[in-house]
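Predicted, not measured: the structure shown is a model, and the values here were computed from it.
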There are 2 protein chains.
Amino acid sequence: MKGNGVERVAARLRHRGRRMTVQRRAVLEALAALGCARDAETIHARARAAYPKLGLVTVYRTLEAFVADGVAHPVFFGDGRVRYDLSEDGGHHHHLVCLSCGRIARVDECHLPPSRRLGRPQGFTVTAHRLELFGYCPRCAPKA
Amino acid sequence: MKGNGVERVAARLRHRGRRMTVQRRAVLEALAALGCARDAETIHARARAAYPKLGLVTVYRTLEAFVADGVAHPVFFGDGRVRYDLSEDGGHHHHLVCLSCGRIARVDECHLPPSRRLGRPQGFTVTAHRLELFGYCPRCAPKA
DNA sequence: TGCTTGTTGAAAACGATTTTCATTGTCGGA
DNA sequence: TCCGACAATGAAAATCGTTTTCAACAAGCA
Ligand SMILES: [Mn+2]
Ligand SMILES: [Mn+2]
Ligand SMILES: [Zn+2]
Ligand SMILES: [Zn+2]
């Protein structure tokens, strides 16, 4: 993550009465370095490289703040732990999860119809959706 | 749930070395009566009407067995609790969740491209997917 | 440089789900 | 129909990811 990005995030946090701290900077860097869908513990481990005293609790609180401020997004694979993705300007993306080795691949194209069409039959106004794909990665062989 | 369905489920369980008990029957009935995406506690409360001594632990264990045997499917909305749907013969379905009142509507059509196309770019073999839609129900007014 | 407040870390609390373990009950076989 | 092997049950305790509590700290503004 280029120092520039940190500043943009800092600005967004400050805008909400929040402050930019070394801890949050470390979590932000970790989030950017790790890439797609990492859980709090993984982020914690990585962020500690930059700031060893960092507590796991702070990572949780920081992620909560990031999500509230639109800096990050939670991702759910249904295994009981929440993962996080750094938000990007150009819209959302989904994931491919290997059921064998756990590898995660990003899926940028969203093949779903526009939101306003998705809920029409039931009269819902759709504002968001979550889609995750499960299967086997190339290395774990098809039909594993 | 027609007694017939119970028999079919019983057969499927027995086939795996499992047994059909009053408790499981009660959970099955509750699952059928409650409909879309209910959590263990809700299912427990309902099933108790038929079998008051039923323990919540047994509900969890039964749901686990049902899922393993394909009798039920877990549904995740990302709020930290797992919900369950009774499996049906004709394929899967998704859900619309009202962010205001929590109402859940079923979405039968799956607007996604065929599995084999979804993971192609990254070389994945897609065997399943999870899609949930979030927004506002008719009663909670659009743009709530 | 102070002061006001948001932030932090350790420890304890939480809530959903799982495990332990002694007891009970299902169901295939005699 | 009766047995017995072993799956299932329930209560209590244990897990585990995440949240809350609380006293010490430290951003950011005057
Ligand atoms: Mn991602
Ligand atoms: Mn459903
Ligand atoms: Zn793999
Ligand atoms: Zn609603």
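- At a threshold of 4.0 angstrom between heavy atoms, the contacts of B:R19 include nucleobase atoms, whether or not backbone atoms are also involved.
- Distance, A:H15 NE2 to D:dG28 P: 15 Å, rounded to whole Å.
- Using a 4.0 Å cutoff on non-hydrogen atoms, no part of residues 65-78 of chain A comes near DNA chain C.
- Put simply, the side chain of A:D85 gets close to the backbone of A:A37: a donor and an acceptor are under 3.5 Å apart.
- Rounded to an integer number of Å, the gap from CD of B:Q23 to P of C:dT24 is 13 Å.
- Of the possible polar contacts, none joining the A:Q122 side chain to the B:A105 backbone as a donor-acceptor pair under 3.5 Å is found.
- For D:dG28, one of the phosphate oxygens OP1 or OP2 lies less than 4.0 angstrom from a side-chain nitrogen or oxygen of A:R14.
- A:R18 has its CZ atom 14 Å from the P atom of D:dG28, to the nearest Å.
- Exactly one of B:R12, B:R16, B:R8 qualifies for a salt bridge (charged side-chain N to carboxylate O under 4.0 Å, His left out) with B:D69. That residue is B:R16.
- Of the residues in residues 37-64 of chain B, those placing a heavy atom less than 4.0 Å from an atom of DNA chain D are B:Y51, B:K53, B:L54, B:G55, B:V57, B:T58, B:R61, in numerical order.
- Taking atom CE of residue A:M20 and atom P of nucleotide D:dC25, one finds them 23 Å apart after rounding to whole Å.
- Checked by atom type and distance alone, the side chain of B:R139 never pairs as donor or acceptor with a backbone atom of B:R103 at under 3.5 Å.
- A close approach under 4.0 Å does occur between a side-chain nitrogen or oxygen of A:R24 and OP1 or OP2 of C:dT7.
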Dump the intermediate steps for ring-ring contact (aromatic ring centres under 6.0 Å, His included) on A:H129 and A:H92, then the final yes or no.
CA-CA 10 Å; A:H129 66 260; A:H92 69 285; 4.8 Å; yes
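- Distances shorter than 4.0 Å separate none of the side-chain N or O atoms of B:T21 from OP1 or OP2 on D:dA7.
- When the P atom of D:dT18 is taken as reference, atom CG of B:D79 falls 14 Å away, rounded to whole Å.
- Atom CZ of B:R25 is separated from atom CG of B:L54 by 13.5 Å, given to the nearest 0.5 angstrom.
- Proximity of a side-chain donor or acceptor of B:T125 to a complementary backbone N or O of A:G135 within less than 3.5 Å is not detected.
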